[in-house]
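Notes follow once the structure below has been shown.
Throughout, numbering of the chain's residues begins at 1 and tracks the sequence. Note: hydrogens, waters and symmetry copies are ignored here, and every other heavy atom, side chains too, is used.
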Amino acid sequence: TDAMLVSRHFARTANLSGLSLEAADVNASGLSTISVAGILSNVANKQLKAAYDSIESVWRQVCETRSVRDFKTITSYSLTGDATFQRLAPGGELLHAIVGEASFSNKAETYGRLMSLDRQDIYNDDLGALRDAPRRLGLGSGRALNNVFWTEFQETAGNFFHANNKNLIASGSSSAWYLLCNPMELAMIQVVFLNGKDTPTVESTDADFQQLGIQMRGYFDFGVKKQEPRAAVKSPAALTIDAIGAAEQLFLDQVDRDGNKLALSPAILLTSTNNRRIANEIHQGFGLTGVSSAKNPNVNIYAGMFKVLT
């Protein structure tokens with residue numbers, strides 16, 4: 001029967017995936033005693049995750065992640081205001097701190113696709129269509145998250161990177177590159193996942209009654225939003241040691257919303273593939289030319305300082 005065929009097919013796949021599906025799962029009459037869709041979902045989720053994990057995921061290293069319970073907009077707050085201690089005169093009273101807040105929003109959205117396999121695909125599975133479907137869904141989910149993340153990261157609307165935020169080198173014509181804080185210290189961008197599930201899900205079921213075959217659907221609940229502008233500096237200038245120095249100075253000059261020095265230090269140099277070789281050369285200690293002297297030592301002070309990401 002079709003059910004037995006699919007069960008045996010995915011039993012073989014499951015054994016390769018470390019699962020154990022015994023022949024007893026299909027009874028002598030040929031009627032499946034377990035859900036064929038259940039077998040598909042169990043094995044397919046392993047295949048989907050492997051494909052999803054194979055997609056480039058630099059975004060994980062530059063963002064903060066957070067779990068959300070629903071699809072409502074969430075708001076994160078950062079307290080502002082003057083809380084500097086004031087000298088207390090004899091018999092005097094403590095003064096109230098001036099407290100305000102800055103807010104940042106985000107929300108999870110659902111992304112997904114549906115794939116169908118008809119009865120002939122199942123029987124004539126010479127090209128591994130059943131195995132390929134969850135793999136393609138996994139690749140598609142990883143690409144979706146990458147696309148949403150980097151579109152939001154580079155979005156220019158809203159003046160996130162702006163001279164008023166002291167996080168933009170104004171001049172230049174090269175591919176933009178960035179200095180970023182460690183996101184555990186201060187994050188410029190946040191990714192939220194519904195119930196903390198940071199991988200997609202695939203489910204399968206029999207096709208509609210008037211059709212022969214199965215259907216698979218993959219879905220992924222996440223959201224991406226820029227957060228703290230003081231956690232990054234953008235530069236369109238050519239990537240040089242001097243340009244890095246100018247961007248670093250913007251970091252060192254950053255103040256909190258009360259005017260106090262933040263004492264932030266960049267930890268990540270994020271650049272396009274066009275600048276990858278130069279970034280790695282600077283990281284490894286190259287990048288200076290000229291004659292070194294006792295008064296003017298030719299030293300690359302940024303060697304090994306940043307994690308280089310492309």
Side-chain angles (χ1 to χ4, degrees), residues 60-70 72-108 152-153 155-171 177-193 196 223-237 241-270 295 297 299 301-307:
R60 287 187 180 274
Q61 301 182 63
V62 301
C63 75
E64 171 192 53
T65 60
R66 175 176 172 178
S67 175
V68 294
R69 295 179 295 178
D70 51 41
K72 299 175 184 176
T73 298
I74 64 164
T75 304
S76 302
Y77 295 96
S78 175
L79 290 180
T80 65
D82 185 6
T84 304
F85 281 19
Q86 302 291 324
R87 184 177 66 86
L88 186 64
E93 296 182 353
L94 292 173
L95 299 178
H96 285 282
I98 301 171
V99 178
E101 63 185 23
S103 61
F104 311 100
S105 64
N106 203 349
K107 66 175 298 188
E152 171 63 17
F153 189 101
E155 175 60 56
T156 57
N159 295 326
F160 184 90
F161 289 106
H162 193 274
N164 291 344
N165 289 330
K166 300 179 180 179
N167 64 358
L168 177 66
I169 302 294
S171 61
W177 50 271
Y178 305 81
L179 289 183
L180 307 170
C181 277
N182 182 335
M184 297 296 291
E185 181 180 2
L186 191 65
M188 70 143 289
I189 192 166
Q190 180 189 72
V191 180
V192 296
F193 297 103
V224 182
K225 196 72 174 177
K226 288 198 287 292
Q227 302 286 301
E228 177 53 72
R230 294 169 298 175
V233 171
K234 176 182 178 179
S235 175
I241 290 176
D242 287 342
I244 291 175
E248 183 192 33
Q249 191 61 51
L250 287 182
F251 256 105
L252 299 177
D253 292 341
Q254 282 284 9
V255 296
D256 63 21
R257 290 179 173 81
D258 311 319
N260 302 308
K261 285 281 188 179
L262 279 176
L264 292 174
S265 295
I268 296 168
L269 172 58
L270 176 67
K295 290 185 178 181
V299 177
I301 63 172
Y302 296 113
M305 181 175 291
F306 312 118
K307 177 187 290 187

- request: Compare all side-chain heavy atoms of Asp253 with those of Lys261 and state whether any distance is below 4.5 angstrom.
  value: yes
- prompt: Are the side chain of Asn165 and the backbone N or O of Asn159 linked by a donor-acceptor pair below 3.5 Å?
  reply: yes
- prompt: Can you tell me how far NZ of Lys234 sits from CG of Leu250, rounded to the nearest 0.5 angstrom?
  reply: 14.0 Å
statement: Residues passing the salt bridge (Lys or Arg N to Asp or Glu O under 4.0 Å) test with Glu248, sequence neighbours excluded, are none
- request: Could you walk me through whether Val233 and Leu168 pass the side chain to side chain contact (heavy atoms under 4.5 Å, CB included) test, one step at a time?
  value: CA-CA 6 Å; Val233 171; Leu168 177 66; over 6 Å; no
field: Residue list, side chain to side chain donor-acceptor pair (under 3.5 Å) with Glu155, at least two apart or on another chain
entry: none
Derivation and outcome, side chain to side chain contact (heavy atoms under 4.5 Å, CB included), residues Phe104 and Lys225: CA-CA 9 Å; Phe104 311 100; Lys225 196 72 174 177; over 6 Å; no
message: For the residue pair Arg66 / Ser76, report whether a side-chain donor-acceptor contact shorter than 3.5 Å exists.
response: yes
Distance-only check: which donor-acceptor pairs under 3.5 Å involve side-chain atoms of residues 177-192, not counting sequence neighbours?
| from | atom 1 | to | atom 2 | distance (Å) |
| --- | --- | --- | --- | --- |
| Trp177 | NE1 | Ala237 | O | 2.7 |
| Asn182 | OD1 | Met184 | N | 2.9 |
| Gln190 | OE1 | Asn106 | ND2 | 3.2 |
| Gln190 | NE2 | Glu64 | OE1 | 2.9 |

- prompt: What's the verdict on side chain to side chain contact (heavy atoms under 4.5 Å, CB included) for Tyr302 and Ile241, showing C-alpha distance, side-chain angles and the deciding distance?
  reply: CA-CA 8 Å; Tyr302 296 113; Ile241 290 176; 3.8 Å; yes
- request: Please name all residues satisfying salt bridge (Lys or Arg N to Asp or Glu O under 4.0 Å) with Lys72, sequence neighbours left out, ordered by chain then number.
  value: none
message: What I'd like to find out is whether the side chain of Thr65 reaches to under 4.5 Å of the side chain of Cys63, using heavy atoms alone.
response: yes
task: Return the set of residues passing side-chain contact (heavy atoms from CB on, under 4.5 Å) with Thr73 (not counting sequence neighbours), or none when no residue passes.
output: Ser105, Lys107
message: For a side chain to side chain contact (heavy atoms under 4.5 Å, CB included) check, start with the C-alpha distance between Phe161 and Thr156, then their side-chain angles and the critical distance, and finish with the verdict.
response: CA-CA 7 Å; Phe161 289 106; Thr156 57; over 6 Å; no
task: Flag the pair Ile268 / Phe306 as yes when at least one side-chain heavy-atom distance between them is below 4.5 Å, and no otherwise.
output: no
- line: With sequence neighbours left out, the residues meeting side-chain contact (heavy atoms from CB on, under 4.5 Å) with Thr75 are Tyr77, Ser103
